[in-house]
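Every chain is numbered from 1, with letters handed out A, B, ... down the list of sequences. All of these numbers come straight from a predicted model, not from anything done at the bench. Just the heavy atoms: all of them, side chains too, but no hydrogens, waters or symmetry mates, feed the values below.
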Amino acid sequence: MKLYNTLSGKKEDFVPVMPGQVRMYVCGITVYDHCHIGHARSAIVFDIMRRYLSYRGYKVTFVKNFTDIDDKIINRAKQEGVSWDAVSKKYIEEYYHDMEQLGVGKADIEPKATEHIQEIIDITRGLVDKGYAYAVDGDVYFQVEKFADYGKLSKREIDDMIAGARVDVNEKKRNPMDFALWKASKEGEPAWDSPWGPGRPGWHIECSAMSQKHLGDTFDIHGGGADLAFPHHENEIAQSEAYTGKPFARYWVHNGFITVDKEKMSKSLGNFFTIRDILGKFDAEVVRFFLLSTHYRSPIEFSDEQLRDAEISIDRYYATALRIRDVVAQDHAKEKTAADEKVFEELLGRFIERVAGAMDDDFNTALAIGHIFELIRALNKYLDGKPSGAKAVALVKKAEEVLKEAGSILNIFTRTPEEWNRALMRFKCPDVTEGFILAKIQERQKARERKDWAMADAIRKELDEKGVVLEDKKEGTSWKVKIS
RNA sequence: GGCGGCGUACCCAAGUGGCUAAGGGAGAGGUCUGCAAAACCUUUAUGCAGCGGUUCGAAUCCGCUCGCCGCCUCCA
């Protein structure tokens, strides 16, 4: 497998520390507000990586944390007039709700910062003892100049960053780039006892503490959004490597942003869409497909139009799945070889290998999806040739099986065509019932039998206006939800 | 200002040295159909922002130019 490593700026062969095992840590969210689609992207991308590594036979230990103590949480609590832990508790629940709907699995371990105060204090004290950190008025700062490799992840020099205008001025810091490991709490703020007085952890230290505790000093993959590379991940590296004297994470993986009008979606710009807003308009599978149809490191422009494209693509898959079922159910007494059998069989044979090859290459989900639709087209073409008999059934069943396998890798195409159709009805034609549709189809069938085409077309038009499309086939008329 | 990234058809999007530049959508034409829908076929980049260079050979590597974005402050 190849994996792009931010540390080297290149794709590298993935070799885990312990053969057959992968230990990965992903920075989760700070729980002070609803999650937006950008959070969903990160969650889905790393969920897919974890799934695929398991699929490839690795024993994966996946850790994703919650930052449950932080300035934003404290401010939010003040605003709402509730305790800080009521805020974090509420948004952890919201997060689980969103993720469950999105089909994102839980991590193996989901640690919280506040449950690792002792570990955080231990590391902080260790860094002070080793001379990497200093205490001032109850705060403890990491001294970046003491760590020779500082800047190796984000590829920047300490001096260049200071030259940049936007570093905050803080009298207590020896160097403006120094960052807090421990912050003294003000009156009324949440506080834990420490050797430096009552206080709370800085932001970066928690990930060093939790990853070390649950995965060890050196582990395989550390992930998060691209905006975390600096300063968060850079600081994690400094703390952890200064403390343990060992390499920290071996592969640094960062997902790209979601953009709106080409600009990064963010809270401060106010151009964000929450997961729950989007799931009110589109099915979760559509969101997953949309996010996976672009490589995880590239930016994705968010729009309803793009989601609709995803919806159409998924519908194409389920329409084919239905066709497979219909074909298999037909009478196969007669052996008939379709003209394109060889081409189809050949493509079918290499399919899983090609999908896996795409995923092996830095989790290229977009390419994997391309392969899926290539097979779908070949299959449809093959079926257009009206093949029949045992061989044909075997090939079609094989296609069904491998398409499902590929879908399961990406956590898409996991439902039946009926389930998909029902999900679509919820969004596209909530007022129409299946009973009504079937009655109309029957009425139209009678009209068709007496060749009353005007009536038949009128009924079809009526349903079309309600968002239902009819398809006349040999076996009878079927219906589906109209997309667009 | 420093650092990083991106620019592939009407739209979205793979491809990072070598068969005819994946795949999806949209458009046009066709096969099928009572008519449709679906499916399939044909068609839409001798071309990969522009200009140079390296090479037998580049969308792919190097340099410059233009445009866009991100990080340097909390941020997935």
Hey, are [Y] and [X] close enough side-chain-wise for a donor-acceptor pair under 3.5 Å?
{"X": "A:Asp70", "Y": "A:Thr30", "answer": "no"}
{"X": "A:Trp420", "Y": "A:Asp315", "answer": "yes"}
{"X": "A:His254", "Y": "A:His233", "answer": "yes"}
{"X": "A:Thr274", "Y": "A:His34", "answer": "no"}

Quick check: any donor-acceptor pair below 3.5 Å linking the side-chain of [X] to the base of [N]?
{"X": "A:Arg460", "N": "B:A36", "answer": "yes"}
{"X": "A:Asp457", "N": "B:G34", "answer": "yes"}
{"X": "A:Arg354", "N": "B:G15", "answer": "no"}
{"X": "A:Asp384", "N": "B:C41", "answer": "no"}

So if I take every side-chain heavy atom of [X] and compare against [options], which nucleotide ends up nearest?
{"X": "A:Ala366", "options": "B:G34, B:G70, B:A13", "value": "B:A13"}
{"X": "A:Asp472", "options": "B:C74, B:A14, B:C35", "value": "B:C35"}
{"X": "A:Glu305", "options": "B:G24, B:C11, B:G34", "value": "B:C11"}
{"X": "A:Ile312", "options": "B:G34, B:A13, B:G25", "value": "B:G25"}

Original post:
Among residues 407-422 of chain A, which contact RNA chain B at a heavy-atom distance under 4.0 Å?
Top reply: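 Heavy-atom cutoff 4.0 Å gives no residues at all.
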**OP:** Using a cut-off of strictly less than 4.0 Å between a heavy atom of the residue and any atom of RNA chain B, enumerate the qualifying residues of residues 43-52 of chain A by number.
**Re:**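 Close to the strand, none.
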With both distances kept under 3.5 Å, what pairs with [N], Watson-Crick or G-U wobble?
{"N": "B:U46", "value": "none"}
{"N": "B:A36", "value": "none"}
{"N": "B:G29", "value": "B:C41"}
{"N": "B:G70", "value": "B:C3"}
{"N": "B:G52", "value": "B:C62"}
{"N": "B:A9", "value": "none"}
{"N": "B:A14", "value": "none"}

**OP:** State plainly whether the residues A:Asp13 and A:Lys2 are in salt-bridge range, i.e. N to O under 4.0 Å.
**Re:**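 Counted as a salt bridge, because a side-chain N and a carboxylate O are separated by less than 4.0 Å.
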**OP:** Apply salt bridge (charged side-chain N to carboxylate O under 4.0 Å, His left out) to A:Glu94 and A:Lys90, showing your working.
**Re:** CA-CA 6 Å; A:Glu94 300 278 348; A:Lys90 175 183 171 187; 5.1 Å; no
Rounded to the Å, how far apart are [X] [atom1] and [N] [atom2]?
{"X": "A:Leu322", "N": "B:A37", "atom1": "CG", "atom2": "P", "answer": "18 Å"}
{"X": "A:Asp452", "N": "B:A36", "atom1": "CG", "atom2": "P", "answer": "18 Å"}
{"X": "A:Leu367", "N": "B:A21", "atom1": "CG", "atom2": "C1'", "answer": "13 Å"}
{"X": "A:Leu153", "N": "B:G70", "atom1": "CG", "atom2": "P", "answer": "20 Å"}
{"X": "A:Ile372", "N": "B:G23", "atom1": "CD1", "atom2": "C1'", "answer": "11 Å"}
{"X": "A:His295", "N": "B:G23", "atom1": "NE2", "atom2": "C1'", "answer": "16 Å"}
{"X": "A:Arg297", "N": "B:A76", "atom1": "CZ", "atom2": "P", "answer": "21 Å"}
{"X": "A:Leu383", "N": "B:U31", "atom1": "CG", "atom2": "P", "answer": "22 Å"}

Does [X] reach a base, just sugar-phosphate, or nothing at all? Heavy atoms under 4.0 Å.
{"X": "A:Ala319", "answer": "nothing"}
{"X": "A:Ile258", "answer": "base"}
{"X": "A:Ser268", "answer": "nothing"}
{"X": "A:Glu471", "answer": "base"}
{"X": "A:Lys264", "answer": "base"}
{"X": "A:Gly224", "answer": "sugar-phosphate"}
{"X": "A:Gly225", "answer": "sugar-phosphate"}
{"X": "A:Arg308", "answer": "nothing"}
{"X": "A:Gly256", "answer": "base"}

Using the [atom1] atom as the reference point in each nucleotide, state the distance between [N] and [M] in Å, no decimals.
{"N": "B:G23", "M": "B:C62", "atom1": "P", "result": "29 Å"}
{"N": "B:A13", "M": "B:C72", "atom1": "P", "result": "24 Å"}
{"N": "B:C41", "M": "B:G47", "atom1": "C1'", "result": "24 Å"}
{"N": "B:A58", "M": "B:U20", "atom1": "P", "result": "14 Å"}

Original post:
If every non-hydrogen atom of A:Phe230 is compared with every non-hydrogen atom of A:Met177, which pair is closest and at what distance?
Top reply: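 For A:Phe230 and A:Met177, the tightest heavy-atom pair comes out as CZ-CE, 3.7 Å.
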Subject >> Along RNA chain B (nearest heavy atom to each residue), the more 5'-positioned of A:Val469 and A:Ile369 >> reply: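 With A:Val469 and A:Ile369 compared, the 5'-side residue is A:Ile369.
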**OP:** Could you pick out which residue, A:Asn380 or A:Leu470, lies toward the 5' side of RNA chain B when each is mapped onto its nearest nucleotide?
**Re:**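 The residue closer to the strand's 5' end, by nearest nucleotide, is A:Leu470.
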Original post:
Given A:Tyr52, which of A:Asp360, A:Thr365, A:Asn411 fulfils the side-chain hydrogen bond (donor to acceptor under 3.5 Å, both in side chains) condition?
Top reply: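 With A:Tyr52 as partner, A:Asp360, A:Thr365, A:Asn411 yield a single side-chain hydrogen bond (donor to acceptor under 3.5 Å, both in side chains), made by A:Asp360.
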Original post:
Below 6.0 angstrom between ring centroids: does that apply to A:Tyr251 and A:Phe14?
Top reply: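 Yes, the ring of A:Tyr251 comes within the 6.0 Å limit of the ring of A:Phe14, centre to centre.
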**OP:** Determine, using ring centers only, whether A:Phe248 and A:His222 are less than 6.0 Å apart.
**Re:**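 Yes, the ring centres sit under 6.0 Å apart.
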Original post:
Are A:Arg448 and B:A36 close enough that a side-chain N or O sits under 4.0 Å from OP1 or OP2?
Top reply: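 Indeed not, no polar side-chain atom of A:Arg448 lies that close.
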**OP:** Would you please confirm or rule out a distance under 4.0 Å between OP1 or OP2 of B:G23 and any side-chain N or O of A:Arg377?
**Re:**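 Yes, such a contact exists.
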Assess [X] against [Y]: is NZ or CZ under 6.0 Å from the centre of the six-membered ring, and within 45 degrees of the ring's axis?
{"X": "A:Lys10", "Y": "A:Tyr4", "answer": "no"}
{"X": "A:Lys267", "Y": "A:Tyr32", "answer": "yes"}
{"X": "A:Lys106", "Y": "A:Tyr96", "answer": "yes"}
{"X": "A:Arg174", "Y": "A:Tyr141", "answer": "no"}

Subject >> Ring centroids of A:Trp453 and B:G34 base under 5.5 Å with planes under 30° >> reply: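 One would call A:Trp453 stacked on the B:G34 base.
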Original post:
Any chance CD of A:Glu419 has more than 12 other-residue heavy atoms, nucleotides or ligands included, within less than 6.0 Å?
Top reply: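 Count over threshold, so yes.
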Original post:
Take atom CD in A:Gln442; do more than 12 heavy atoms of anything else shown fall under 6.0 Å from it?
Top reply: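 Counting other residues, nucleotides and ligands, CD of A:Gln442 stays at 12 neighbours or fewer.
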Between the protein and nucleotides 62-66 of chain B, which nitrogen or oxygen pairs come in under 3.5 angstrom?
none

